[in-house]
Amino acid sequence: MDAGGDLPLLLALAALAAADSVAWAAVGVPELGGLAAAQAGLDLAIGLVVSDPGPRAAHVLAVLLESVPVVLVGASVRVPERAVRRLRAVMRRSGAVLLAVGRWPGADVRLRVAPVGWAGVGRGHGLLRGRRVTVTAGGRGAAAAPRSAELWLPGPDGLVGVVDVVDVVERGAAEAVRSGARADLRVVG
């Protein structure tokens with residue numbers, strides 16, 4: 001799966017996929033921080049990080065996909081097309097999941113992330129508490145028809161979740177009251 005270059009989305013997907021597994025691994029993801037991974041829900045005690053797989057990246061990935069159920073791969077990792085086909089066979093055999101930060105040749109699902117807005121900033125000041133994004137999934141096979149959803153990545157509570165439109169409106173009104181902004185509302189009827 002190609003996570004569209006959005007590291008928070010990749011971490012959220014990895015945490016979901018690794019929730020019931022014994023281990024996870026990251027290959028060539030230098031921007032991955034331990035705190036961010038832990039806050040996303042990845043257990044650092046069972047994680048394996050290969051900073052730079054070098055010229056044998058395909059071999060490193062094959063070994064990990066045979067033994068680790070969830071593998072994250074960075075955008076800088078390059079694998080020849082013939083090796084990608086072998087890695088797909090390894091994943092089918094082992095049941096492992098490969099999540100790519102950037103474009104991955106042969107990905108069944110490609111995700112695109114478009115920013116919608118931030119929660120917590122009012123009138124140019126405040127503490128950022130949540131990020132709203134629209135995630136669009138497309139790809140091949142069952143994922144051929146594009147689908148979109150608006151998500152908190154992460155939400156004001158620190159968790160990933162589907163945006164509840166009513167909640168967004170209520171938070172906006174509450175922030176306007178806290179900041180002393182005059183609401184442009186009028187009584188009708």
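The model shown is predicted, which means the values in this text are computed figures rather than measured ones.
In this structure, Val101 and Gly74 approach most closely via the heavy-atom pair CG2-CA, 4.0 Å. Residues Ala12 and Leu153 approach most closely at CB-CD1, 4.2 Å, considering heavy atoms. Scanning both residues, Thr134 and Ser148, for their nearest heavy atoms gives CG2-CB, 4.2 Å. When all heavy atoms of Val79 and Ala58 are compared, the closest pair comes out as CG1-CB, 3.8 Å. Scanning both residues, Pro105 and Glu81, for their nearest heavy atoms gives CB-OE1, 3.8 Å. Across all non-hydrogen atoms, the minimal contact from Pro156 to Ala119 is CG-CB, 4.2 Å.
Looking at Leu32 and Leu11, their side chains come closer than 4.5 Å, going by heavy atoms from C-beta outward. Using a 4.5 Å cut-off on side-chain heavy atoms (C-beta onward), Arg131 and Trp152 make no contact. The shortest distance between side-chain heavy atoms of Val70 and Leu99 falls below 4.5 Å. Side-chain atoms of Leu64 and Trp24, non-hydrogen and from C-beta on, never get closer than 4.5 Å to each other. Looking at Val162 and Leu151, their side chains come closer than 4.5 Å, going by heavy atoms from C-beta outward. With a 4.5 Å cut-off on side-chain heavy atoms, Val97 and Leu13 do not count as touching. When side chains are defined from C-beta on, Met91 does not count as touching Val71, because their heavy atoms never get closer than 4.5 Å.
Put simply, Val68 and Val49 are part of two different groups of oily side chains (I, L, V, M, F, W, Y) that touch within less than 4.5 Å, one to the next. Connection of Val160 to Leu16 is not established within any shared hydrophobic cluster, with ILVMFWY side chains joined at heavy-atom distances below 4.5 Å, either directly or through further cluster members. Both Val90 and Val73 are part of a single hydrophobic cluster, where members link through side-chain heavy atoms under 4.5 Å apart. The cluster map of Ile, Leu, Val, Met, Phe, Trp and Tyr, joined by side-chain heavy atoms under 4.5 Å apart, puts Val84 and Leu98 in the same cluster.
With sequence neighbours excluded, no residue satisfies side chain to side chain donor-acceptor pair (under 3.5 Å) with Arg85.
Using modelled atom types, no side-chain atom of Arg112 and backbone atom of Thr136 make a donor-acceptor pair closer than 3.5 Å. A donor-acceptor pair is defined here as one N or O able to donate and one able to accept, closer than 3.5 Å; no such pair exists between the side chain of Ser21 and the backbone of Ala17. Distance alone, capped at 3.5 Å, places no donor-acceptor pair between the Arg110 side chain and the Arg140 backbone.
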Can you list the steps and then say if Leu87 with Leu65 is a side chain to side chain contact (heavy atoms under 4.5 Å, CB included)? CA-CA 8 Å; Leu87 291 173; Leu65 289 167; 4.0 Å; yes
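Between atom CG of residue Leu35 and atom CG of residue Leu44 there is a gap of 9.0 Å, rounded to the nearest 0.5 Å. Atom CZ of Arg86 and atom CG of Leu61 lie 12.0 Å apart (nearest 0.5 Å). Atom CG of Leu9 sits about 9.5 Å away from atom CG of Leu7, to the nearest 0.5 Å.
Other residues, nucleotides and ligands contribute at most 12 non-hydrogen atoms within 6.0 Å of the CZ atom of Arg147.
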